[in-house]
Amino acid sequence: MVSGGMSCVKYMLFAFNLLFAISGIAILTVGAIIHMVYSHYSNFVYTSYQSAPIVLIIVGVVIFIVAFFGCCGAVKENHCMVVTFSVLLLAILILELVAGIMGYVKRNEVEVMLESKLNSTMYSYYTNPEIENTWDIAQHEAECCGMNGPTDWQKITRNDSLPHTCCPNTQDDGSCTLKTPNVYTASCFEKLKAVFNKYGAIIGGVGIGVAISQLVGVIFACCLARSIRREYETV
Ligand SMILES: *[C@@H]1O[C@H](CO)[C@@H](O)[C@H](O)[C@H]1NC(C)=O
Ligand SMILES: *[C@@H]1O[C@H](CO)[C@@H](O)[C@H](O)[C@H]1NC(C)=O
């Protein structure tokens with residue numbers, strides 16, 4: 001049995017891993033939410049970005065499994081398990097750092113992507129039902145109209161009519177026009193940029209929290225591994 005101060009480390013490592021398992025579930029949930037948002041706006045997102053939430057979901061599952069290793073290792077005082085746990089934790093930490101730096105470097109790309117995607121898809125609104133659907137969802141949910149405002153649609157329709165989702169609770173009967181009094185005037189680009197940035201900030205925040213807790217976990221685990229080995233050597 002590991003005794004004294006190290007028994008305390010053992011329980012702390014166990015408690016920490018419980019927290020860690022919960023953070024794995026948190027990451028998984030964030031990934032699932034972002035996946036939902038992305039599939040909502042799939043026509044506005046580069047295909048290469050659509051794997052990002054899937055990666056989050058996988059990382060969440062892996063963290064959960066690693067936490068399980070850590071818990072078992074701590075409870076059983078199994079040196080091999082604790083060492084495996086430390087190595088896996090360190091590997092995840094390094095991956096997270098790389099992903100975090102890449103995300104930070106590329107954070108402005110989202111804006112460029114939205115700008116080009118919104119611009120190009122507007123021209124297909126009346127011909128492509130899928131794009132029509134994405135735009136309708138965006139305009140309805142973000143209460144916006146057109147990329148920069150309702151007049152953008154004039155460039156496409158060459159008349160005053162607007163997609164029905166530019167007006168609140170309006171049927172698709174051509175009754176929504178630039179002259180409708182309560183037409184949404186907000187820019188979809190600005191509104192969607194805010195939505196995407198919000199999720200970026202959530203990922204960043206969760207990532208920093210998880211990274212710090214992992215660093216603490218690695219330190220705990222190394223202490224425990226050393227003390228377990230010392231016990232074996234002295235017994
Ligand atoms: C899309 O971009 C082009 C080139 O910058 C611009 O001329 C056009 O007005 C834009 N379309 C919309 C709908 O904003
Ligand atoms: C305006 O243009 C759109 C797209 O070309 C068309 O579907 C719509 O019927 C037009 N509306 C009017 C009032 O002419």
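Just so you know, ligand 1 is whichever comes first in the structure, and atom 1 is the first atom listed for that ligand.
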Would you mind listing which atoms of ligand 1 come within a distance below 4.0 Å of any non-hydrogen atom of M122? 13 (C)

Considering non-hydrogen atoms of the protein only, which is the closest contact for atom 14 (O) of ligand 1, and what is the distance? K155 NZ, 3.4 Å

Taking every non-hydrogen atom, the tightest pair across G31 and P53: O-CB, 3.4 Å

Does the protein come close to atom 9 (O) of ligand 2 - that is, does one of its heavy atoms sit below 4.0 Å from that atom? no

Return yes when the gap between the SG atoms of C145 and C188 is under 2.5 Å; return no otherwise. no

Pair C72, F14 - check side chain to side chain contact (heavy atoms under 4.5 Å, CB included), show working. CA-CA 8 Å; C72 291; F14 180 77; over 6 Å; no

Short side-chain to backbone donor-acceptor contact, S42 and Y38, under 3.5 Å: no

May I ask you to decide if Y184's main-chain N or O and E143's side chain share a donor-acceptor pair within less than 3.5 Å? no

For W135 and M147, which heavy atoms make the closest approach, and how far apart are they? CH2-N, 3.9 Å

Quick check: does Y123 get an N/O under 3.5 Å from an N/O on ligand 1? yes

Which residue supplies the protein heavy atom nearest to atom 1 (C) of ligand 2, what is that atom called, and how far is it? N159 ND2, 1.5 Å

Residue, atom name and distance, where the atom is the protein heavy atom closest to atom 5 (O) of ligand 2: T157 O, 4.2 Å

Nearest neighbour of atom 3 (C) of ligand 1 from the list D152, T121, I156, N119, on a heavy-atom basis: N119

